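All values derive from a computational prediction rather than experimental measurement. The residues of the chain are indexed from 1 along the displayed sequence.
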Amino acid sequence: MSKLLDLLIPARCASCGAPGAPCCATCQAAWGSLSEIIRGPTAGLVPVYALAPYADEARRLILAYKERGRRDLAPSFGRAVAEALAELPEPEPCLVPVPSRRHASRMRGGPHVRRVAEECVKVLAGKGKSATVAPVLRLGSGVRDAVGLTRAERSANLDGRIRLAPGACREKVVLLDDVITTGATAAACTRFLDISGIHVSAVVALAAAG
C-alpha cells in the first residue's frame with residue numbers, strides 16, 4: 001500500500017519541497033558530524049553533541065517531523081544519527097530516548113525520539129554493527145510543555161517526575177534527543193539514570209538551539 005501511495009502521491013522533501021523523498025539529498029546534508037555543545041546544566045556532567053544548529057533545513061525538518069505529521073522522516077534522521085555515532089568510542093551503543101509527555105507523544109503518533117533510535121539501529125544492523133534501544137525513561141504526571149520555559153523552570157518542571165520503566169538496559173548508554181536547548185532535560189535524565197545505576201557516556205541530539 002505504501003508503495004502504491006508513493007506512486008500516486010510522490011513524497012516531497014519536508015524542508016524544501018523537492019519531489020522524490022521525505023528528505024532530499026541536499027537537505028539531508030544539513031546533518032553533519034558531532035559538534036560538542038556546552039550548556040550550564042550538563043557542563044562537567046556529561047558530554048553533549050549535536051549534528052546541526054537548530055536552524056534552516058534542520059529546523060524545518062524537525063518541526064515537520066514533530067508537529068506536522070511527517071513521520072516518514074524518521075529513517076533519514078536515524079541514518080544521520082547512525083553515521084554520527086561512528087565518532088563515539090561506543091562499539092555497540094545502547095540508545096536511551098529522551099521521553100515526551102504522554103499528550104505530546106499521542107499527538108506525534110507515538111514516541112518520536114524512540115522512533116528515530118529504532119531507525120538508527122536498523123541502519124547500523126545493515127552495516128553489521130550491533131546496537132540496541134532501551135526506552136526505559138518515562139515522564140510522570142504534571143510535566144508541562146517545555147517550550148518557552150527558562151532553564152530554571154525546565155529543571156523544576158522535571159524535578160521528581162522522571163520514572164524508570166521496565167525493560168532491559170545496559171549499564172552504559174547514549175542518551176538520544178531531538179533538540180538541545182538549555183540542557184536541563186539532558187541533565188535531569190542523566191542524573192536520574194546515574195542514580196539508577198545506568199551511566200550516560202554521551203548525549204546526542206539532532207540539533208542544538210541557540
What distance do [X] atom [atom1] and [Y] atom [atom2] have between them, rounded to the nearest 0.5 Å?
| X | Y | atom1 | atom2 | answer |
| --- | --- | --- | --- | --- |
| S196 | R191 | OG | CZ | 14.0 Å |
| T42 | I37 | OG1 | CD1 | 9.5 Å |
| L137 | T185 | CG | OG1 | 11.5 Å |
| R79 | L124 | CZ | CG | 12.5 Å |
| S15 | Q28 | OG | CD | 11.0 Å |
| L61 | C27 | CG | SG | 6.0 Å |

Between the main-chain N or O of [Y] and the side-chain N or O of [X], is there a donor-acceptor pair closer than 3.5 Å?
| X | Y | answer |
| --- | --- | --- |
| R70 | E67 | no |
| E87 | S33 | no |
| T181 | A209 | no |

Nearest non-hydrogen partners of [X] and [Y], listed with the distance:
| X | Y | result |
| --- | --- | --- |
| R138 | A165 | CG-CB, 3.6 Å |
| P41 | A187 | O-CB, 3.4 Å |
| L51 | A80 | CD2-O, 3.5 Å |
| C169 | A134 | SG-CB, 3.9 Å |
| L73 | C23 | CD2-CB, 3.9 Å |

Hydrophobic cluster identity match, [X] and [Y], side-chain contacts under 4.5 Å:
| X | Y | answer |
| --- | --- | --- |
| V133 | V123 | no |
| V203 | F192 | yes |
| V96 | I195 | yes |

Next item on the list: Would you check, one step at a time, whether the test side-chain contact (heavy atoms from CB on, under 4.5 Å) holds for E36 with I38?
Entry: CA-CA 7 Å; E36 187 164 8; I38 305 300; 4.2 Å; yes

Taking C-beta and beyond as the side chain, do [X] and [Y] meet within less than 4.5 Å on heavy atoms?
| X | Y | value |
| --- | --- | --- |
| T132 | V121 | no |
| L88 | P93 | no |
| R39 | T182 | no |
| I162 | C189 | yes |
| P75 | E119 | yes |
| L193 | L175 | yes |
| Y54 | I180 | no |
| L85 | V204 | yes |

Check: Given the rule in the side-chain contact (heavy atoms from CB on, under 4.5 Å) test, do V81 and V116 qualify, once you have shown the distances and angles that lead to the verdict?
Finding: CA-CA 8 Å; V81 173; V116 173; 4.2 Å; yes

Next item on the list: Run the numbers on C16 and C24 for side-chain contact (heavy atoms from CB on, under 4.5 Å), then give the verdict.
Entry: CA-CA 8 Å; C16 69; C24 71; 3.6 Å; yes

Note to self: Which residue is it: R115, R60, H112? I am looking for the one with a side-chain hydrogen bond (donor to acceptor under 3.5 Å, both in side chains) to Y65.
What the structure shows: R115

Notebook entry, point to check: Who are the side chain to side chain donor-acceptor pair (under 3.5 Å) partners of E57, not counting sequence neighbours?
Noted result: none

Next item on the list: Flag yes if more than 12 heavy atoms outside R170 fall under 6.0 Å of its CZ atom; otherwise flag no.
Entry: yes

Notebook entry, point to check: Are E83 and K127 close enough, and set up right, to give a side-chain contact (heavy atoms from CB on, under 4.5 Å), and what steps lead you there?
Noted result: CA-CA 11 Å; E83 292 172 356; K127 296 180 178 180; 4.1 Å; yes

